[in-house]
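Index from 1, following the sequence.
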Amino acid sequence: MNSKSNGLKDKLGKIHSFIHKFGKYFIIACLILFCVLCIKNKDQFAERVAKGVPESGMEKIAIADGDTIKQEFKANFTSAERIDFRVGRNYGDARPGSIDLTIKDSKGNVVFHITPTMEEVDGRAEVKSTMRRRELHDDRWYKVVVNQKLEKGETYTYEIKGIGINKKDPLYIYISKDMGSVFQPLVKNNKTQDIRLCARVWTTQIDMWAIGLTIAIAVGLIVLLLVQLNIPEKWNKWLTWALFIVNPWLAFYMVEKVFYNPISVMGILSYALNVIWFYIIFAILLLIFNRVKYAVIVGNLLLYGCAVGNYFVMQFRGTPITPADIWALGTAMDVADHYTLSYDKAAIVATIICLGLCIIAWKLDTIKAFRWKHRLAVLAVVVVATLGQSFFCTRVNFLEAHNVKVEFFNQKKGYKRNGFVLSFLLNVQYLLGTEPEGYSVDKVKDIAKNYEVTTGQNKNLKQKPNVVVIMNETFSDLNVVNKIKTNKEVMPYINSMKENTIKGDMLVSVFGGGTSNSEYEFLTGNSVSSLPLNGNAYTQFVKHEVPSLATQLKEQGYDTTAFHPYKPNAWNRQSVYPLLGFDNFLDESSLDESKVRRIRG
């Protein structure tokens, strides 16, 4: 008996040794791949920075009609995205005139030119109208979008000339006595002055220090993996449990970091619910493996994988992963080949956090977490915590009162406010639909027998008519509810339509929003009454091709186009319309801003 037991221990020991060696070299390979990823995606370490004169010791100089100021700067960067000038805003009446702003290279060639009016310089063109007052833009920086490539090391000159500006009410531009390192002394009306214009040139440059630091951390983790550590058993136990306690918080930060979501925007309740779910996830893994080491490593890798999957889905379609996407996994794999995957800086930071946590866990000795009796007790606690947390997440009214709710209209907004894990789980309760009472395939066929397929009188027409359907959610004839007396007819044109016109009343299943559900019912003939309460067909259930009016028309040889004067990701329309059979989808980007305002009221 003892020999069999020892043999089993030896086999388990060999398996454990193999897993340990394989895992170590696998993580090293991941770290090397990570370094390659950082170098390959170095552009993701780019950030916008301002090159300019310090904002200290400031004074003002006046610019009126005919005045010209010039200032040279040497480009130690490759692009000028924007130039800002600090000006004295005029909050009184509008004043006449404009400025002529030019940027020239060292040979005198004009690389940028603009002539903004004083109304624009004063910020009057950025007036914000409210119901009570008109607010002038209070930012004292006049910002000029340049978007011009520059030759690094080349000397450029920007010139500002006053045109038609009254000398009694000139434009004041701030100057600084602090020299700075970018701009040369200012020249006003051909006279050089030992001052600098208070200006900033915004450019994008790659943070090579950040790349170097990230790679250095990765190399340090590789060294940590290869170095043999002899940690006393007592310290190993304490460090292992300390890691398990801290890890869910860091994993929470890691997941949200991939999503580029600052957790500071979350409410206290959302924050707490997320952290509790993270502890539950790692506790379940601990019960499965009975080893903190493996629970931490597997949990971090799983959560990181989910976060990265959500990151790429966000890149592809602009909306996060929801539970309904599980049924659309095949479609996602089909279209994934058409996209180029790239990491941004936030995802790279989250990656190093994940690898760091896994390596720290790997370096600690493997110890059993619980004996069987203790394991059963912990299992009971985890079950109670999971059921309690799940029940609490179904208290929709309470959660909404504390600003925790599913944003069907804009899932991205909800995920940012509630966190990835909590938002995903909140969506689960709206996922499961139930069959209508008495429903069966045979019963549907029996009902269909009562109807005849009609061919219509216009079947043989050579020229088929255009079919235009307009759904106006704000249109209604309130006289249907109650006769309203007015001194002027409200809808004279609609009421005049009598010949070749069919009119009737329509009942919709939504109130105060939820436009997409009305669209879904009209286009498909399906009722949303069979969907979960508060559910949304477009964002949760249309994940594959669905027969609709559009598909029927396509079968008749029609081209189908959908139009909605708003953002394409609203109600997930950019993904749903193709599945409903539309060949084209025009959103607000197909119109200019004035037309969008006119159409939307």
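With salt bridges taken as basic N to acidic carboxylate O contacts below 4.0 Å, none links Asp84 and Lys143.
Among pairs with a residue in residues 152-163, those fulfilling side-chain hydrogen bond (donor to acceptor under 3.5 Å, both in side chains) read Gln71-Tyr158, Ser106-Glu154, at least two apart in sequence or across chains.
Looking at every heavy atom in both residues, Ala80 comes nearest to Val201 through CB-CG1, 3.9 Å. Scanning both residues, Ile353 and Leu250, for their nearest heavy atoms gives CG2-O, 4.4 Å. The shortest non-hydrogen separation linking Ile103 to Ile83 is CD1-CD1, 3.4 Å. Nearest heavy-atom pair, Met254 versus Cys354, reported as atom, atom and distance to 0.1 Å: SD-CB, 3.3 Å. Heavy atoms only, all atoms of each residue included: Asn418 and Asn274 are closest at O-ND2, 2.5 Å. When all heavy atoms are compared, the tightest approach of Leu150 to Ala75 is CD1-CB, 4.1 Å.
Here the side chain of Arg200 pairs no donor or acceptor atom with the backbone of Phe85 at under 3.5 angstrom. Formation of a donor-acceptor pair under 3.5 Å by the Ser270 side chain with backbone atoms of Gly267 is not found in this model. Counting only distance, with no hydrogens or angles, the side chain of Ser423 and the backbone of Gly419 share a donor-acceptor pair below 3.5 Å.
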Item to check | Working for side-chain contact (heavy atoms from CB on, under 4.5 Å), residues Lys405 and Arg417 | outcome: CA-CA 9 Å; Lys405 60 181 179 180; Arg417 189 178 61 221; 3.5 Å; yes

Item to check | Val255 and Asn310: CA distance, side-chain angles, deciding distance, side-chain contact (heavy atoms from CB on, under 4.5 Å) verdict | outcome: CA-CA 10 Å; Val255 169; Asn310 186 59; over 6 Å; no

Next on the checklist: Please evaluate residues Phe278 and Phe252 with respect to the criterion ring-ring contact (aromatic ring centres under 6.0 Å, His included), reporting the C-alpha separation (whole Å), side-chain torsions for both, the decisive distance (0.1 Å), and the verdict.
Outcome noted: CA-CA 7 Å; Phe278 273 79; Phe252 171 47; 5.6 Å; yes

Next on the checklist: I'd like to know whether Leu273 forms a side-chain contact (heavy atoms from CB on, under 4.5 Å) with Val421, so could you lay out the CA-CA distance, the side-chain angles of the two residues, the decisive distance to 0.1 Å, and finally the verdict.
Outcome noted: CA-CA 9 Å; Leu273 290 174; Val421 171; over 6 Å; no

Checklist entry - For Leu580 and Thr560, what are the C-alpha separation, side-chain angles and deciding distance, and is it a side-chain contact (heavy atoms from CB on, under 4.5 Å)? => result CA-CA 10 Å; Leu580 292 178; Thr560 53; over 6 Å; no

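In this structure, OG on Ser79 lies 9.5 Å from CD on Gln148, to the nearest 0.5 angstrom. If you take NZ on Lys70 and NZ on Lys188, they are separated by 14.5 Å, rounding to the nearest 0.5 Å. Once rounded to the nearest 0.5 Å, the distance linking OH of Tyr538 with OG of Ser575 reads 12.0 Å. Rounded to the nearest 0.5 Å, atoms SG (Cys198) and CD1 (Ile173) are 10.5 Å apart. For the atom pair Ile61 CD1 and Leu186 CG, the distance stands at 5.0 Å (nearest 0.5 Å). Interatomic distance, CZ of Phe563 versus CE of Met471, reported as 14.5 Å (0.5 Å rounding).
In this structure, Phe424 and Phe420 have tilted ring planes: the angle between them lies in the 30° to 60° band.
For CG of Asn190, the number of neighbouring non-hydrogen atoms (other residues, nucleotides, ligands) closer than 6.0 Å is 12 at most. Taking a 6.0 Å sphere around OH of Tyr172, one finds it holds 12 or fewer heavy atoms contributed by other residues, nucleotides or ligands. Under a cut-off of 6.0 angstrom, the local environment of NZ in Lys51 is crowded, with over 12 non-hydrogen atoms contributed by other residues, nucleotides or ligands.
Counting heavy atoms from C-beta on, the side chains of Cys358 and Asn300 come closer than 4.5 Å. Residues Leu171 and Val87 form a side-chain contact, since some pair of their non-hydrogen atoms from C-beta on lies under 4.5 Å apart. Residues Asn427 and Tyr415 form a side-chain contact, since some pair of their non-hydrogen atoms from C-beta on lies under 4.5 Å apart. A 4.5 Å side-chain heavy-atom check between Val404 and Leu426 finds at least one atom pair inside the cut-off. Side-chain contact between Ile160 and Thr68 is absent, with no heavy atoms from C-beta onward closer than 4.5 Å. Side-chain contact between Val576 and Phe585 is absent, with no heavy atoms from C-beta onward closer than 4.5 Å. The shortest distance between side-chain heavy atoms of Val187 and Ile69 does not fall below 4.5 Å. In this structure the side chain of Leu422 reaches within 4.5 angstrom of the side chain of Cys393, judged on heavy atoms.
No side-chain donor-acceptor contact under 3.5 Å links Asn166 and Asp65. One side chain, Asp100 or Thr102, offers a donor N or O that lies under 3.5 Å from an acceptor on the other. Remark: the Tyr577 side chain and the Glu519 side chain contain an N/O donor-acceptor pair separated by less than 3.5 Å. Donor-acceptor pairing under 3.5 Å is lacking for the side chains of Thr117 and Ser98. For the residue pair Glu81 and Thr204, a side-chain donor N or O sits within less than 3.5 Å of a side-chain acceptor on the partner.
Relative to the six-membered ring of Tyr174, Arg86 meets both conditions, a distance below 6.0 Å and an angle of at most 45° to the axis.
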